[in-house]
> 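Have a look at this one before I ask anything.
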Amino acid sequence: MSTEIRVRFAPSPTGPLHIGGVRTALYNYLFARKMGGKMLLRIEDTDQNRFVPGAEAYIMDALRWAGIEIDEGQGTGGPHAPYRQSERREIYQREAQRLIDEGKAYYAFDTAEELDAMRQRLEAANAPAAQYNAITRMQMRNSLTLKPEEVKARMDAGDPYVIRLKTPRKEEVRLNDIIRGWVTVHSSAIDDKVLLKSDGLPTYHLANIVDDHLMGITHVIRGEEWLPSAPLHVLLYRYLGWEDTMPQFAHLPLLLKPEGNGKLSKRDADLGGFPIFPLQWTDPNTGQVARGFREDGYLPEATVNFLALLGWNPGTEQELFTMDELIASFDLAQVHKAGARFDIQKAQWFNHQYVKEQPDAVLAPTVQQQAQAAGYDCSLAKAEKIAALLKGRVNFAREIVDEATTIFNAPTHYDEAVTTAKWNADAVKAVTAFHDALVAYEGEFVADTIKHTLSDAVTQAGIKQGKIMQAMRLALTGSGAGPDLMLTMEIIGKDETVRRLEQALATLPKP
RNA sequence: GGCCGAUUCGUCUAGCGGUUAGGACAUCGCCCUUUCACGGCGGUAACACGGGUUCGAUUCCCGUAUCGGUCACCA
């Protein structure tokens, strides 16, 4: 008997993966790695109506981007293939048939209209719950109420039918959730769920139990929205005779709106101006483009770190984690029970932490590309220097170029407040002296030597350096604020520095 | 509405009977810096309410309130 831990991420390919889904996948992955187990990917595409082309590929791309590795499953293969539920229909039909044969499920022929009528009738009668259950099923059209000959006749005639679970009338169903502890539900609250749809495909409830069992899943880690149907799943394991190897459940708290009520939605993302999908997604039907964390400039490491801490924490004060560190400290018992509001500011802070630690050479291509896109001429070497200068100031790599406009452009105007306050006779004298010193200077033009040249020139002119630095900055960049001036000059080069000083002297008002 | 779950600073959270209720984001102030930012230091700020249990409840139990989820031939 194997004790290997096996978990699965089982998304439905109905569109781009929601960021909450990424977190669910992440927790599964962390748990699997932590326990030395396996992470499976299964595609739950049993709803033909909701199938969206490209969604499956998107899911796999998104997981790869996040650094979540799949050990077995769709796209990877493994001993339990196929991992796409639409390709496993015979398996579900076989198990559903077994439930029928054992009297634990039955055929139902009710039409949508009949079901509607039943619910309306029950609601009108103020029934506690309008559901297809132990009581109401005897008034419906199914193999429990119809004569065997009629059931057979209908099936032979090709009448559409579903298979429903014969839920017991009164029975306590208990399950021990790893995160929440014991949860007890009375079977009367569970209705006769459809197990096999009239198109021959299973519903989630049947497919997930059958596959989890067949694939040897030991822990089901999924969103809290499944908690209400978890007792039904326990019942199914029992009826299928698999209760002794039933996986353990862990229901994760949901991601909530940044403000207001309800769970996080696409709409909140649009309103708040932040992504809700890991990768950009273009709807194949409408052509609408939804932004992604990746395209917005979030690093996968930052996104993962942010997501990991949204609902879980290690109990220590550590905030920054590599994937390996997350794996080492992850513990399902430390997952918080309540839903977490989605705070994009925190995500930005995490990104800042990671961007400033990126090697300059890694940032350089992005900077160069952004610079070129903005119409600037920028070598890779220059991009690397700019990255070094500015990466600590930004939340996103793409913002580096925004911060670098004073490097690419000579001033087109000069900040008025700074001009008024700092552009005086001493400033002109100092800028002139520095200009002249630079023209005569023949050595290497780097921050260190520039600093000395500047300092010497200004001192010789009889001026205190501190008094004119703002003016110097104004002359060179047009602004009173910005990154280190010496490094800025090094990057723009001697010729351009000299030229800008001349421009300032010629343009700024004579004090 | 029925059922299930949750409830600590504005937000993410630590806490698992006795703490000056800790950290992080955000915010404010100070320092650093020739400037801005980064960074460092510090401040403001929380146990939903009511009953129990207990020598003692943020912590355990029960109500109430509020929030969330779920009640499909969707997952």
Side-chain angles (χ1 to χ4, degrees), chain A residues 10-14 44-47 49-50 85 108 110-112 115-116 119 123 126-132 160-164 177 179-181 183-186 188-191 193-205 207-208 222-231 251 253-254 256-259 261-263 306 309-320 333-334 336-350 352 356 390-394 403 415 418 422 464-474 477 479-486:
Chain A
S12 186
T14 53
E44 311 229 327
D45 57 345
T46 53
D47 187 351
N49 301 320
R50 294 210 307 162
Q85 291 186 326
D110 315 278
T111 64
L115 290 170
D116 259 5
R119 291 195 185 101
E123 269 166 42
N126 249 328
Q131 55 181 21
Y132 207 119
Y161 66 90
V162 301
I163 292 180
R164 281 182 184 272
D177 187 275
I179 295 169
R180 285 149 214 286
V183 176
T184 308
V185 176
H186 195 85
S188 61
I190 304 170
D191 57 357
K193 280 275 174 325
V194 171
L195 265 20
L196 204 71
K197 300 181 280 188
S198 56
D199 63 4
L201 281 165
T203 58
Y204 170 85
H205 304 296
N208 133 356
R222 75 230 298 193
E224 191 186 358
E225 70 268 27
W226 292 111
L227 195 51
S229 53
H251 288 94
L254 264 19
L256 272 23
K257 289 179 188 297
E259 50 201 42
N261 303 149
K263 64 177 174 180
F306 165 64
L309 259 12
L310 215 51
W312 167 83
N313 85 89
T316 68
E317 285 176 4
Q318 184 178 356
E319 300 272 342
L320 266 17
Q334 285 278 0
H336 201 67
K337 293 183 180 70
R341 269 186 206 282
F342 191 80
D343 179 13
I344 199 66
Q345 276 190 324
K346 195 114 182 195
Q348 288 168 356
W349 178 79
F350 274 110
H352 168 75
K356 72 176 188 182
L390 298 170
K391 67 180 179 182
R393 304 170 66 90
V394 299
E403 289 272 314
D415 186 290
V418 181
K422 305 286 181 181
K464 286 194 105 156
Q465 198 182 334
K467 298 245 184 202
I468 52 82
M469 283 307 288
Q470 279 281 82
M472 192 64 71
R473 175 179 294 284
L474 177 78
T477 68
S479 160
D484 188 272
L485 242 200
M486 307 307 151

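Throughout, a chain's letter reflects where its sequence line sits, starting with A, and its residues are numbered from 1.
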> At their closest point, which heavy atom of A/V418 faces which heavy atom of A/Q470, and how far apart are they?
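Taking every non-hydrogen atom into account, CG1-O, 4.3 Å.
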> Any strand counts, and the cut-off is 3.5 Å on both contacts for Watson-Crick or G-U wobble. Which nucleotide pairs with B/G18?
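Paired with B/C55.
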> Go through it in stages, so that I can follow the logic: the residues are A/K193 and A/D191, the test is salt bridge (Lys or Arg N to Asp or Glu O under 4.0 Å), and I'd like the CA-CA distance, side-chain angles, deciding distance and then a yes or no.
CA-CA 6 Å; A/K193 280 275 174 325; A/D191 57 357; 2.5 Å; yes
> For A/D47, which residues count as a salt bridge (charged side-chain N to carboxylate O under 4.0 Å, His left out) partner, sequence neighbours excluded?
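Testing A/D47 for salt bridge (charged side-chain N to carboxylate O under 4.0 Å, His left out), a comparison that skips the adjacent residues, returns A/R50.
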> With no angle test and no hydrogens, is the base of B/A72 tied to the side chain of A/K193 by a donor-acceptor pair under 3.5 Å?
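Not at all, since no donor on one side and acceptor on the other fall under 3.5 Å apart.
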> Let's test this: given Watson-Crick or G-U wobble pairing with both distances under 3.5 Å, identify the partner of B/G68.
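Looking at the geometry, B/G68 pairs with B/C4.
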> Which atom names give the shortest non-hydrogen contact between A/Q334 and A/P314, and what distance separates them?
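For A/Q334 versus A/P314, the nearest heavy atoms are NE2-O, 4.3 Å.
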> Looking at B/U13, I'd like to know if its phosphate oxygens (OP1 or OP2) sit under 4.0 Å from a side-chain N or O belonging to A/N313.
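No, because none of the side-chain N or O atoms of A/N313 sits under 4.0 Å from OP1 or OP2 of B/U13.
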> List the atom of A/R164, the atom of A/L115, and the distance in Å for their closest heavy-atom pair.
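Heavy atoms only, the tightest pair is NH2-CD2, 3.7 Å.
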> Just compare B/U70, B/C12, B/C73 and give me whichever is closest to any side-chain atom of A/K263.
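So the nucleotide nearest the side chain must be B/U70.
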> Looking only at atom P, what distance separates B/G39 and B/U44, rounded to whole Å?
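To the nearest whole Å, 22 Å.
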> By nearest atom, which of the nucleotides B/G22, B/U70, B/G68 is closest to the A/N261 side chain?
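Out of B/G22, B/U70, B/G68, the nucleotide with an atom closest to A/N261's side chain is B/G68.
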> Name the pairing partner of B/C38, where a pair is Watson-Crick or G-U wobble with both distances under 3.5 Å, or state none.
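Answer to the pairing question: none, since B/C38 forms no Watson-Crick or G-U pair.
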> Would you kindly give the CD-to-C1' distance between A/E259 and B/A26, to the nearest whole Å?
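Computing the A/E259:CD to B/A26:C1' distance gives 13 Å.
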> Using the P atoms only, state how far B/U8 lies from B/C60, rounded to an integer number of Å.
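The same atom, P, in both gives a distance of 13 Å.
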> Is any side-chain nitrogen or oxygen of A/K337 closer than 4.0 Å to OP1 or OP2 of B/C16?
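Indeed not, no polar side-chain atom of A/K337 lies that close.
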> Report the residues that fulfil side chain to side chain donor-acceptor pair (under 3.5 Å) with A/K422, sequence neighbours left out, ordered by chain and then residue number.
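A/K422 satisfies side chain to side chain donor-acceptor pair (under 3.5 Å) with no residue once adjacent residues are dropped.
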> Please figure out whether A/D110 or A/E319 has its closest RNA chain B nucleotide nearer the 5' end.
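The residue whose closest nucleotide sits nearer the 5' end is A/E319.
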> If you look at every strand shown and take non-hydrogen atoms under 4.0 Å, does A/G311 touch a base, only sugar-phosphate, or nothing?
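Sugar-phosphate, no base atom in range.
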> Heavy atoms only, 4.0 Å cut-off, all strands: where does A/V194 land among base, sugar-phosphate and nothing?
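Sugar-phosphate contact only - A/V194 comes under 4.0 Å of backbone atoms but never of a base.
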> For A/D199 and A/L201, work out which heavy atoms get closest and say how close.
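Taking every non-hydrogen atom into account, OD1-N, 2.9 Å.
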> Does the side chain of A/K257 get closer than 4.0 angstrom to OP1 or OP2 of B/G68 through an N or O atom?
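For B/G68, OP1/OP2 do not have a side-chain N/O of A/K257 under 4.0 Å.
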> Could you check whether A/W312 gets within reach of a base, just the sugar-phosphate, or nothing at all, counting any heavy atom under 4.0 Å?
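The residue A/W312 makes no contact with any strand.
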> In Watson-Crick or G-U wobble terms, both distances under 3.5 Å, what is the partner of B/A46?
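Matched B/A46 with nothing under the 3.5 Å cut-off.
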> What does A/R119 touch in the nucleic acid at a heavy-atom separation under 4.0 angstrom: a base, only the sugar-phosphate, or nothing?
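Touches sugar-phosphate only.
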> For a quick check of understanding: with a heavy-atom distance under 4.0 Å over all strands, which category does A/R341 fall into, base, sugar-phosphate or nothing?
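Sugar-phosphate, backbone atoms only, no base.
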> What nucleic acid atoms does A/S188 come within less than 4.0 Å of, heavy atoms only: base, sugar-phosphate, or nothing?
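If one applies the 4.0 Å heavy-atom cut-off, A/S188 turns out to touch nothing in the nucleic acid.
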> For the pair made of CG in A/L256 and C1' in B/U7, what is the distance, rounded to whole Å?
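For the pair A/L256 CG and B/U7 C1', the rounded distance is 12 Å.
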> Looking only at side-chain atoms of A/E44, point me to the closest of B/A75, B/G69, B/G5.
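Closest of the options to the side chain of A/E44: B/A75.
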> Describe the nucleic acid contact of A/T203 in one word from base, sugar-phosphate, nothing, applying a heavy-atom distance below 4.0 Å.
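Here A/T203 touches the backbone only, sparing every base.
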> Please determine whether a side-chain nitrogen or oxygen atom of A/R180 lies at a distance below 4.0 Å from atom OP1 or OP2 of B/C4.
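Answer no for this pair, as no side-chain N or O of A/R180 is under 4.0 Å from OP1 or OP2.
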> Are A/T46 and B/A75 close enough that a side-chain N or O sits under 4.0 Å from OP1 or OP2?
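Result: yes.
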> Give me the ring orientation class for A/H205 and A/W226: parallel if the planes are under 30° apart, tilted from 30 to 60°, perpendicular past 60°.
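Answer is perpendicular, since the angle exceeds 60°.
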> How many whole angstroms separate atom CG of A/D191 from atom P of B/C4?
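From A/D191 CG to B/C4 P: 15 Å.
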> Given B/C12, B/G5, B/C73, identify the nucleotide with an atom nearest to the side chain of A/S198.
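When the side chain of A/S198 is considered, B/C73 is the closest of B/C12, B/G5, B/C73.
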> Say you pick atom P in B/C32 and the same atom in B/C41; how far apart are they, in whole Å?
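Between the two P atoms, the distance is 15 Å.
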> Go ahead and name the base partner of B/U11; Watson-Crick or wobble counts if both distances stay under 3.5 Å, otherwise write none.
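Matched B/U11 with B/A24 under the 3.5 Å cut-off.
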> Does a side-chain N or O from A/H336 land closer than 4.0 Å to OP1 or OP2 of B/A14, or not?
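Yes, A/H336 has a side-chain N/O under 4.0 Å of OP1/OP2 on B/A14.
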> Looking only at heavy atoms, which two atoms of A/R180 and A/E224 are closest? And how far apart?
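The pair with the smallest heavy-atom distance is NH1-OE2, 3.7 Å.
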> Looking at every strand, decide which applies to A/K467 at a 4.0 Å heavy-atom threshold: base, sugar-phosphate, or nothing.
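Answer is nothing: A/K467 stays at 4.0 Å or more from every strand.
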> Assign each of A/T184 and A/Q345 to its nearest nucleotide of RNA chain B by heavy atoms, then name whichever residue's nucleotide is nearer the 5' end.
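Nearest nucleotide further toward 5': that of A/T184.
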> Under 4.0 Å between any heavy atoms, over every strand shown, what does A/S479 touch: base, sugar-phosphate, or nothing? Just pick one.
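Nothing: the residue A/S479, judged by heavy atoms under 4.0 Å, touches no strand.
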> Quick one: what's the B/S/- string for nucleotides 31-41 of chain B, heavy-atom cutoff under 4.0 Å, read 5' to 3'?
---BBBBSS--
> Which one, B/G23, B/C4, B/C25, comes nearest to the side chain of A/E317?
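Of the options given, the side chain of A/E317 lies nearest B/G23.
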> How is A/P202 classified with respect to the nucleic acid when contacts are heavy atoms under 4.0 Å: base, sugar-phosphate, or nothing?
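A/P202: backbone/sugar contact only, no base atoms under 4.0 Å.
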